[in-house]
Amino acid sequence: MDSDDESLLEALLAGEHRALARVISKIENRSSGYRELVSELYAHTGNADVIGITGSPGAGKSTLVDKLAEAYRERGETVGIIAIDPSSPFTGGAVLGDRIRMASTVGDMDVFVRSMSARGTLGGLSTATADAVKAMDAFGKDKIIIETVGAGQNEIDIVRTADSVAVLVPPGSGDDIQTLKAGILEIADIFVVNKADRDGADRTVQELREMVHLGEESGIAGGGGGHHGVDATGGGVDSGGADGVDGPDDDWTPPIVETVATTGTGVDEFIDQLATHRAHLVDSGALAEKVRTRYAEEIRTLLREDVHAMLEAELAERGGVDDLAEAVRRGETDPYSIVTDVLEPVEDCLGDIETEAGAASRTE
Amino acid sequence: MSSEQEAESIRCLVAKVGLDGHDRGAHVIARAFRDAGFEVIYSGLHKSPDEIVQAAVQEDVDVLGISILSGAHDTLVPKIMDGLEEYGAKDDTLVLAGGVIPDEDRDGLTEEGVAAIFGPGTSVEETIEFVRENAPQR
């Protein structure tokens, strides 16, 4: 790490907001030296509660996050918020608009809001988000809230960075078949029916409740499979299959909270449920497992990124992927042959290493 | 490691300060900046200078574009510049002003540290070009 980065790290640990902002920019930009910087951060992390908030566009996430931050501030805790917005697949540009709705906490520097766009590929966003969480954690934030649009796989990756995931479901978001579909609802530790003052909110709550109970019986939804609610459908309730996205979060039944984010109604109950979930994670040992899974994913993602970069370099050496694609188009070769061709030397190398390692262990 | 390919993007805060309630122009600029491949954070209407400074610092923007139609630029802009200075962000933030700003006020704003003033009739391309050329290298 060079001296600039060292002083940046010192300033961050000393609580300078600009240093935190700078470090997050370095992370986003993949500036040279950012890896060393992040790896230094790890020693100072582990104290923040990380909360993920997701749900469809317009569900009221930003407004709820704002109220949540306000409530935590009233309790004397500091808050970091990472608000994620999509970026254009064509220009890479983005309008990051979630800040607008965070009005209750403006002027309070102890609420640090950072907007991030989905730049980069191949797990780039989730890596950057996870690293930005590290920066805020090391800075000393008590609560870190990640807010994302719940449109796809990307978001599921991101919420894995969080200890507790809340999924916002606005009233009238489809019939009960929607709640049976795979995807975003499965990742919820807590359901929030926001805009609960609107027509249809009761029905949405009811549908979610049915879904959660169904999940308890079959052990598929929300990592449920637990003991309360509609207990004992014949005692044969087996929670063995309940290892959804969240790992062995077995006997947690996702509660359903009703909120009206614009007025702050229900926010306290939401906070209580977040605290209950947190306590559950700690008591059951699920948190340790979660953290382990998360680090495993981080290691994998970093490895993938590096291998990907090596392969890109290899492709560039061979004249770039465009030429190869053109050769396929002309019918001279096919993608499978090219891949075999490109990877052969890599495999050979790895094979050599393995032999060396094997030989070394044999001679010992 | 080779995968540290830098992926820098120009980050801009498009800000509306004070009481003026028209942000059509700010929306147009935000959209045009997005299409130019920038990352744009829009402040929303009726922000105080402090709020703008907070957003600029936290978001670590390269460019701060302030749109003012109300004529209050002489009071609001210096407050923003002082706030940026306080956080050590004044020197490497490219500050632009746009909207209705009389010619006789321009020198004063430039002295405050505003890099360029884009009045009515400025083409969006011109603004984008200016940002591309002058966005600070960090």
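The chains referred to below are lettered A, B, ... by the order of the sequence lines, with proteins before strands, and numbering in each begins at 1. Side chains are part of it too, since the values below use all heavy atoms of this structure and drop only hydrogens, waters and symmetry mates.
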**OP:** For chain A, find which of K47(B), R11(B), R31(B) contributes the most heavy-atom pairs closer than 4.5 angstrom.
**Re:**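 Most heavy-atom pairs under 4.5 Å with chain A: R11(B).
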Subject >> Most contacts with chain A, counted as non-hydrogen pairs under 4.5 angstrom, among C12(B), A55(B), A36(B) >> reply: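 Most heavy-atom pairs within the cutoff with chain A belong to A55(B).
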Less than 4.5 Å to any heavy atom of chain A: does that hold for the side chain of [X], its backbone, both, or neither?
| X | value |
| --- | --- |
| Y87(B) | both |
| Q54(B) | both |
| D62(B) | neither |

Original post:
Under a 4.0 Å N-O cut-off, is there an ion pair linking K26(A) with D60(B)?
Top reply: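 Salt bridge absent between K26(A) and D60(B).
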Can you tell me if [atom1] on [X] sees more than 12 non-hydrogen neighbours from other groups inside 6.0 Å?
| X | atom1 | result |
| --- | --- | --- |
| R300(A) | CZ | no |
| L343(A) | CG | yes |
| H46(B) | NE2 | yes |

Please check this pair: side chain of [X] against backbone of [Y], looking for a donor-acceptor N/O pair closer than 3.5 Å.
| X | Y | answer |
| --- | --- | --- |
| E39(B) | G93(A) | no |
| R18(A) | G88(B) | yes |
| R99(A) | I41(B) | no |
| T91(A) | R34(B) | yes |

Subject >> Beyond-backbone contact of M109(A) with V57(B), side-chain heavy atoms, under 4.5 angstrom >> reply: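 The answer is yes; the side chains approach within 4.5 Å.
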Subject >> Residue D108(A) versus chain B: region with a heavy atom under 4.5 Å >> reply: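 Only the backbone of D108(A) comes within 4.5 Å of chain B.
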**OP:** Select one option (side chain, backbone, both, neither) describing which atoms of V111(A) are under 4.5 Å from chain B's heavy atoms.
**Re:**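 Looking at V111(A), just its backbone touches chain B.
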